[in-house]
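Note that ligands are numbered from 1 as they come in the structure, with each ligand's atoms numbered from 1 the same way. Small disclaimer: the values here were computed from a predicted structure and weren't measured.
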Amino acid sequence: MITVVGNLKGGTGKSTIAFNLALWLLDKGNKVSVYDLDPQATLRDVAELRSEEGFEPFLSVAETLPEHDKGEMLIDIGVSNMTGLNEALARADQVIIPVSPSQADVWSTQRFLEIIRATSTKAPTLYAFINRADTHPSARENAETEMALRQLGGLEVLPVRLAQRIMFRHSFSEGLAVFELEPSGKASQELTALAEAVYGSARGR
Ligand SMILES: Nc1ncnc2c1ncn2[C@@H]1O[C@H](COP(=O)(O)OP(=O)(O)OP(=O)(O)O)[C@@H](O)[C@H]1O
Ligand SMILES: [Mg+2]
C-alpha cells in the first residue's frame, strides 16, 4: 500500500508525521519503504541523525520512487518538487493530510484536494487531521477547522488531534519517535491513535 503524507502548506508537520509513522510501522513488525521527495530532505536528515546515534531500528530513506510499487510504502512530499508530488499522488492508495488549525490551512487543503483529484489514479482514501492543535481549553480553532474540513467533502476527518507539543519537536532533534522518547506520554498516545486510525490497530501483529 502506498501512503503519502502531504499538504500544500509548509510546516504542517508532514515530515514529523512521516518519520513517526515509519517508525511505528517498523515497531509493529512491518516492512516499510520510506521516500522523501522533498529537496529540503528533512526526513533523510533525521534518518541520518538516527543512524549516527546508532538507534535501532535503522530507518532507510530513499529520494526517488521505484518504478514498481513494493509492499508498504510511505512517502513525504513537498511543493518544491511538484513532479515528485504529482508522481506520488498518482500512485497513492491513501493520503494523510496534516492540517494546522486555521482558515488559511483549510483553503490550502481545498486546493490540495483539487490537485489530488486531478492527479490520482486509484481514488485514494483521504484522511485529514489537526496537527499542532491548540491545547488551550477555550480554543475554538480546532473544532472550527475540523468542521470546515468536513464541509469540503471527499475526505475523512479523523477524530484524532496531535497537539502542539515539545515532544514532537524533540522527535526531530533526537532522531527518535515520540513513543521511543516517552512511551506513555501524550504525544505518544496521539501518534498511536493516528497510526491506528490510518493503518488499523492489528497491523503487523
Ligand atoms: N504537533 C507538533 N507540536 C510541536 N511541534 C511540531 C508539531 N508538528 C510539527 N512540529 C514542528 O514544526 C516544524 C515543522 O514540522 P515538519 O518539518 O514536520 O513540517 P513539514 O510539513 O514537513 O514542513 P515543510 O513544508 O517545510 O516540509 C518542525 O520544527 C517540527 O518539529
Ligand atoms: Mg517536510
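- Ile96 places a side-chain heavy atom less than 4.5 Å from the side chain of Leu21.
- Note on ligand 1: Gly78 sits outside its first shell, no heavy atom being nearer than 4.0 Å.
- Here is the list of ligand 1 atoms found below 4.0 Å of a heavy atom in Thr16: 9 (C), 15 (O), 16 (P), 18 (O), 30 (C).
- Residues Asn131 and Thr12 bring no donor and acceptor atom of their side chains to less than 3.5 Å of each other.
- Placement of Ile97 and Ile77 within a single hydrophobic cluster is found when ILVMFWY residues are connected by side-chain heavy-atom separations under 4.5 Å, directly or transitively.
- Not one N/O/S atom of Thr16, from backbone or side chain, sits under 2.8 Å from the Mg ion (ligand 2).
- Remark: Arg50 does not engage Glu174 in a salt bridge, criterion side-chain N to carboxylate O under 4.0 Å.
- Atoms of ligand 1 found under 4.0 Å from any heavy atom of Ala163, numbered from 1 in the order shown, are 1 (N), 2 (C), 3 (N).
- With Ser108 contributing its side chain and Asp105 its backbone, the two residues share a donor-acceptor pair below 3.5 Å.
- In this structure, Ser173 does not count as a contact residue of ligand 1, since none of its heavy atoms falls inside 4.0 Å of the ligand.
- Those atoms of ligand 1 that come under 4.0 Å of a heavy atom in Gly10, given as number and element, are 25 (O).
- Heavy-atom contacts of Asp38 reach the following atoms of ligand 1: 27 (O) (cutoff under 4.0 Å).
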